[in-house]
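Note that ligands are numbered from 1 as they come in the structure, with each ligand's atoms numbered from 1 the same way.
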Amino acid sequence: MCGIVGFNGKNKAVDILLDGLSKLEYRGYDSVGIAIKEKDIEIYKAKGKIVNLKEKIKDKELNGTCGIGHTRWATHGEPSEKNAHPHISNDGNVTLVHNGIIENYQELIEKLHKHGYTFYSDTDTEVLANLIDYYYKKYKMGPIDAINRTMVRVRGSYAIVVMFKEYPDELWVAKKDSPMIIGESKDGMYAASDVPAILKYTNTVYYINDMEAACLKKNKVVFYDLNGDVIKKESKKIDWDISSAEKEGYEHFMIKEIHEQPGVIEKTIHSFINDNKIVFNNIDRDELKKIDEVYIVACGSAYHVGVCAGYIIEDLSRVSVKVDIASEFRYRNPIFRKNEFVIIISQSGETADSLAALREAKKMGAKTLAVVNVVGSSIAREADYVLYTLAGPEIAVATTKAFSTQLIVMYLFAIELSRAKKQIKATEYKELIEEIKLLPDKTKYILDNEVKNIQKIGDKLSTFQDAFYIGRRLDYAIALEGSLKLKEVSYIHSEAYAAGELKHGTISLIEENTPVIGIISQEDIYEKTISNLVEVKSRGGYILTISPKKIDISKVSNYEIHIPETYKYFYPSLIVIPLQLLSYYISVSRGVDVDKPRNLAKSVTVE
Ligand code: AGP
């Protein structure tokens with residue numbers, strides 16, 4: 001999605017803006033631009049990558065210390081210089097950048113046409129610039145009044161940073177439903193869509209809420225509510241270090257983040273376990289005891305965590321679980337009776353469909369829990385409860401460490417719920433916690449011993465155009481993630497299938513050498529999956545298996561990848577490591593831009 005950076009302080013803004021935008025490239029973009037206050041506000045834009053913009057400004061004298069920058073992910077209007085941000089009002093009084101979608105922009109264009117405004121671009125953002133200018137001139141009450149009136153009039157989502165010609169030493173920020181963070185350092189004030197853009201300069205931040213505005217002066221920030229009254233806010237410290245947002249010697253962010261998993265899994269486990277007991281600071285067992293039904297709602301990989309968790313929660317706590325894709329849930333008119341508990345899983349905490357599903361659930365009176373990675377994100381702030389994964393900044397578009405830490409949180413939730421429902425005794429509770437605490441080492445064991453094995457098979461599979469992932473129950477759930485990983489970073493078409501379902505049609509696609517990845521970890525049903533693999537092999541399929549060594553599959557497997565043993569519920573955490581590595585190495589051997597695959601964005605903050 002779009003990336004925004006703003007700076008107002010002592011140093012040259014252009015360097016800070018370009019550096020910050022480069023740290024947001026992972027969000028995906030197709031054009032880029034900056035505006036700097038020199039004698040007048042100077043705007044430079046380019047289609048494509050940041051390097052194209054740098055080429056444009058290389059001979060410019062840009063010493064201004066106040067400016068804004070933007071990487072655009074096209075939603076209204078094709079990727080072009082004309083549609084790139086920043087956008088300006090007709091007479092240049094207002095200059096702004098925007099992340100989000102203005103849903104009623106057509107209606108607003110008509111309104112502004114009546115007042116003599118014209119438009120040069122195909123974007124909804126340009127409407128914002130003219131609308132702010134319209135209110136600024138009509139009511140003559142200055143920036144905060146013009147911005148507040150605009151926020152009341154506009155429908156949709158936005159995070160904006162605005163420059164006013166008549167207020168040259170100020171940047172104005174406002175947001176609704178799109179992410180924005182404010183940073184403060186001795187050198188000045190920052191605004192950004194995400195932490196990595198400003199972490200190099202400061203880890204002191206403020207969170208701005210929906211329908212609030214902020215004025216960034218050279219050395220302080222003033223927050224306002226919708227009435228234009230000043231709001232006091234405390235700054236927070238972000239404990240992500242800058243190296244987390246850099247590659248640290250790895251070739252790609254994805255492989256770096258795959259290898260970070262033992263560490264962040266351990267951090268996440270220990271953030272919730274105290275003296276061998278699970279401690280959810282803001283959810284107690286009395287609250288959990290009341291739960292009659294759990295909904296888990298998410299998108300993409302986070303949804304796959306939900307599918308894994310659904311099996312575990314039901315098996316452990318005997319509480320019924322419905323797992324739904326957020327974009328379906330929000331329009332499905334779900335049946336809520338009483339004591340529903342809705343869990344929204346989201347790495348970014350800004351996914352539009354997941355945020356909308358959260359709001360839908362709250363509207364229907366459900367208690368809501370957010371499992372998110374980004375502190376202070378919209379989903380985190382709007383849910384009744386929040387459990388943070390401690391994966392740190394995840395830069396690669398394809399999620400890995402955030403996925404693994406989400407699994408951990410959901411295991412702990414399932415165990416705690418089961419205890420609250422008196423479905424497990426204290427002894428099993430303790431055993432489960434002991435086993436979870438071994439997962440970091442077991443994950444590390446796979447990374448230390450299976451990488452070469454997986455890299456080898458990855459080269460072989462990289463020439464295929466199709467692949468199937470099959471498993472049963474939890475093995476099927478994690479197969480979903482394996483298949484998505486392969487698709488999103490290698491562009492190979494793949495499908496995850498419940499092993500028992502294959503013969504109901506899809507097995508007709510199995511030809512000589514079609515790769516089928518068999519996931520086999522669940523002792524009570526693994527023979528069933530093996531017989532499905534035999535069916536596939538008899539039709540010429542090439543069988544790659546992921547399983548603990550104790551399960552003998554040598555008769556059917558063409559290529560075995562082994563994982564350590566663990567408690568049946570926790571195998572997804574170990575199986576996902578080879579699946580991630582396999583996708584990564586296949587992607588690299590196919591020469592794909594593995595950290596920024598085509599058409600994808602790290603956080604889908606629009607519908
Ligand atoms: C995962 O590799 C993908 N990048 C994508 O499916 C992602 O999981 C999905 O968009 C949800 O994002 P979120 O966790 O930030 O809500």
Return the option from C299, G349, A402, G300 holding the heavy atom at the smallest distance from atom 11 (C) of ligand 1. C299
For atom 8 (O) of ligand 1, grab the closest protein heavy atom and report residue, atom and distance to one decimal in Å. S301 N, 3.1 Å
Does the distance from a Lys or Arg side-chain N to an Asp or Glu carboxylate O, for E350 and K602, drop under 4.0 Å? no
Tell me the salt bridge (charged side-chain N to carboxylate O under 4.0 Å, His left out) pairs involving residues 468-480, sequence neighbours left out? R473-D524
Should T351 be counted as touching ligand 1, given the test is an N or O pair under 3.5 Å? yes
Tell me whether V397 has any N or O atom under 3.5 angstrom from an N or O of ligand 1. yes
Test side-chain hydrogen bond (donor to acceptor under 3.5 Å, both in side chains) applied to K401 and E260, Q406, E257, the passing residue: E260
Which residue supplies the protein heavy atom nearest to atom 10 (O) of ligand 1, what is that atom called, and how far is it? V604 CG2, 4.3 Å
Output yes when K437 and E266 qualify as a salt bridge under the 4.0 Å nitrogen-oxygen rule, no when they do not. no
If the cut-off is 4.0 Å to any non-hydrogen atom of A398, which atoms of ligand 1 fall inside it? 2 (O)
Any nitrogen or oxygen of K485 lying under 3.5 Å from a nitrogen or oxygen in ligand 1? Just yes or no. yes
Measure the acute angle between the ring planes of F280 and F272, then classify it against the limits of 30° and 60° as parallel, tilted or perpendicular. perpendicular
Which residue holds the protein heavy atom closest to atom 14 (O) of ligand 1, what is that atom called, and what is the gap in Å? Q347 N, 2.7 Å
Side chains of Q261 and Q580, donor plus acceptor under 3.5 Å: yes
Below 3.5 angstrom, do we get any N/O pair linking S346 and ligand 1? yes
Parallel, tilted or perpendicular, as decided by the 30° and 60° cut-offs, for the rings of F413 and F341: parallel
Would you say S348 has any N or O atom under 3.5 Å from an N or O of ligand 1, going by distance alone? yes
Residue, atom name and distance, where the atom is the protein heavy atom closest to atom 3 (C) of ligand 1: E488 OE1, 3.4 Å
Could you pull out all residues at least two apart from A366 that satisfy side-chain contact (heavy atoms from CB on, under 4.5 Å)? F336, E340, V342, A361
